[in-house]
Amino acid sequence: MKNIILIGFMGVGKGSVAREVVKHSKYMTIDTDDLIESMENRKIKQIFQDDGEEYFRNLEKRVSQWLEHSVRDTLISTGGGFYKQKNLKSMATIVFLDSPFDEIIKRIEEHPNAKNKLKKRPLLVDLKSAKELYNQRRPEYLKVSDIVIDVTNKSAEACAKELLKKVKKHA
Ligand code: S3P
């Protein structure tokens, strides 16, 4: 099985969809932010605070190089800016989880742990600049992806099933 890379804006539900894919297939899953937190033994928020965004992006680059050489049969869930890494196409089918900005924010705010979800994401603290970032990134997500899934008003399970169907067709 070729790897799958899940891309999309912060809070769109990449982790939830990844867990459902694991339930309904033989794929394993890993998350680039989790790998970075393990490498550094600190939370993403702390890394941004202590060392800044550029330092974090360099860690993402290191992770992408490792993934390319070492990971197979896996759905790789990524942080919202990971899609910029240059080697993704060569190692995976790229799936973009799409939803309008307001729907993403609504989804986060309705989550029982909403406060924490917002707090742990440094680039989501200021909603005005987050929306600008969304508007800038959405065309780039579309450009780099092989498959697009509109996740608006769909359960993670429904998205996972749609993903598996589309990946099979794309192969
Ligand atoms: C980022 C998204 C975050 C995390 C970091 C930067 C981004 O991941 O990697 O805070 O640039 O969009 P999630 O997309 O899982 O929130």
Side-chain angles (χ1 to χ4, degrees), residues 3-22 28-67 71 74-88 92 94-145 147-152 154 156 159-160 163:
N3 291 326
I4 300 168
I5 292 183
L6 265 193
I7 62 168
F9 203 66
M10 292 170 270
V12 77
K14 289 164 287 185
S16 311
V17 172
R19 285 184 285 278
E20 287 296 329
V21 168
V22 170
M28 268 296 288
T29 189
I30 51 176
D31 180 298
T32 58
D33 282 345
D34 290 348
L35 289 168
I36 287 171
E37 289 187 346
S38 304
M39 284 159 77
E40 292 279 307
N41 194 26
R42 326 181 254 176
K43 296 289 182 196
I44 302 291
K45 188 181 167 201
Q46 199 63 45
I47 298 173
F48 268 71
Q49 259 173 28
D50 295 347
D51 294 303
E53 183 169 347
E54 197 184 334
Y55 179 86
F56 174 77
R57 299 299 171 201
N58 281 327
L59 293 173
E60 287 193 315
K61 185 169 180 194
R62 206 166 145 198
V63 167
S64 77
Q65 286 163 349
W66 173 77
L67 290 169
V71 172
T74 296
L75 181 142
I76 301 157
S77 183
T78 65
F82 197 81
Y83 74 99
K84 289 196 175 164
Q85 297 305 319
K86 302 265 178 282
N87 58 348
L88 305 190
I94 303 178
V95 179
F96 169 41
L97 300 189
D98 190 19
S99 193
F101 182 76
D102 293 345
E103 291 292 333
I104 294 176
I105 299 304
K106 199 171 112 197
R107 191 179 168 275
I108 297 175
E109 283 172 348
E110 282 169 0
H111 194 277
N113 206 4
K115 231 174 157 185
N116 190 42
K117 293 225 162 245
L118 285 169
K119 224 172 60 187
K120 74 172 197 183
R121 296 181 160 103
L123 300 178
L124 211 50
V125 171
D126 171 11
L127 282 189
K128 192 168 167 268
S129 35
K131 183 159 191 180
E132 279 165 18
L133 189 63
Y134 174 93
N135 287 336
Q136 175 212 315
R137 278 186 181 170
R138 189 169 175 271
E140 296 173 4
Y141 288 136
L142 284 167
K143 198 166 165 200
V144 78
S145 58
I147 293 169
V148 180
I149 296 182
D150 182 353
V151 303
T152 315
K154 285 182 200 155
C159 295
L163 179 152

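Whatever order the structure lists ligands and atoms in, that order sets their numbers, starting from 1. It should be emphasised that the depicted structure is a prediction, and the values quoted were computed from it without experimental measurement.
Taking a cut-off of under 4.0 Å to the non-hydrogen atoms of Ile44, the atoms of ligand 1 that pass are 5 (C), 10 (O). Less than 4.0 angstrom separates some heavy atom of Gly81 from each of these atoms of ligand 1: 7 (C), 11 (O), 12 (O). Those atoms of ligand 1 that come under 4.0 Å of a heavy atom in Pro122, given as number and element, are 10 (O). For ligand 1, the atoms lying closer than 4.0 Å to a non-hydrogen atom of Arg121 are 13 (P), 15 (O), 16 (O).
Taking atom 2 (C) of ligand 1 as the reference point, the nearest protein heavy-atom neighbour is Gly80 N, 3.2 Å. Nearest non-hydrogen protein atom to atom 9 (O) of ligand 1 is Asp33 OD1, 2.8 Å. For atom 14 (O) of ligand 1, the closest non-hydrogen atom on the protein side is Lys14 NZ, 2.6 Å. In terms of protein heavy-atom proximity, atom 12 (O) of ligand 1 is nearest to Arg137 NH1, 2.7 Å.
Atoms CG and OG, from Leu124 and Ser129 in turn, are 9.5 Å apart once rounded to the nearest 0.5 Å.
Enclosure of atom CG in Asn41 is not indicated, since only 12 or fewer non-hydrogen atoms of other residues, nucleotides or ligands lie within 6.0 angstrom. Crowding of Gln136 atom CD: a count of heavy atoms from other residues, nucleotides or ligands under 6.0 Å exceeding 12.
Using a 4.5 Å cut-off on side-chain heavy atoms (C-beta onward), Leu67 and Thr32 make contact.
Residue contact annotation: Phe56 has a non-hydrogen atom under 4.0 Å from ligand 1. Within the 4.0 Å heavy-atom shell around ligand 1 one finds Arg57. Within the 4.0 Å heavy-atom cutoff, Lys120 does not count among the residues contacting ligand 1.
Checking Thr152 against Ser99 by side-chain atom types alone, a donor-acceptor pair falls below 3.5 Å.
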Should Glu109 and Lys106 be marked as a salt bridge (Lys or Arg N to Asp or Glu O under 4.0 Å) after you check the CA-CA gap, both sets of side-chain angles, and the distance that decides it?
CA-CA 5 Å; Glu109 283 172 348; Lys106 199 171 112 197; over 6 Å; no
Report the C-alpha distance between Arg42 and Asp51 in whole Å, list the side-chain angles of each, state the deciding distance to 0.1 Å, and finish with yes or no for salt bridge (Lys or Arg N to Asp or Glu O under 4.0 Å).
CA-CA 11 Å; Arg42 326 181 254 176; Asp51 294 303; 2.7 Å; yes
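Using cut-offs of 30° and 60° on the angle between ring planes, the pair Phe48 and Phe56 is tilted.
By the criterion of a heavy-atom distance under 4.0 Å, the side chain of Leu123, and not its backbone, is placed next to ligand 1.
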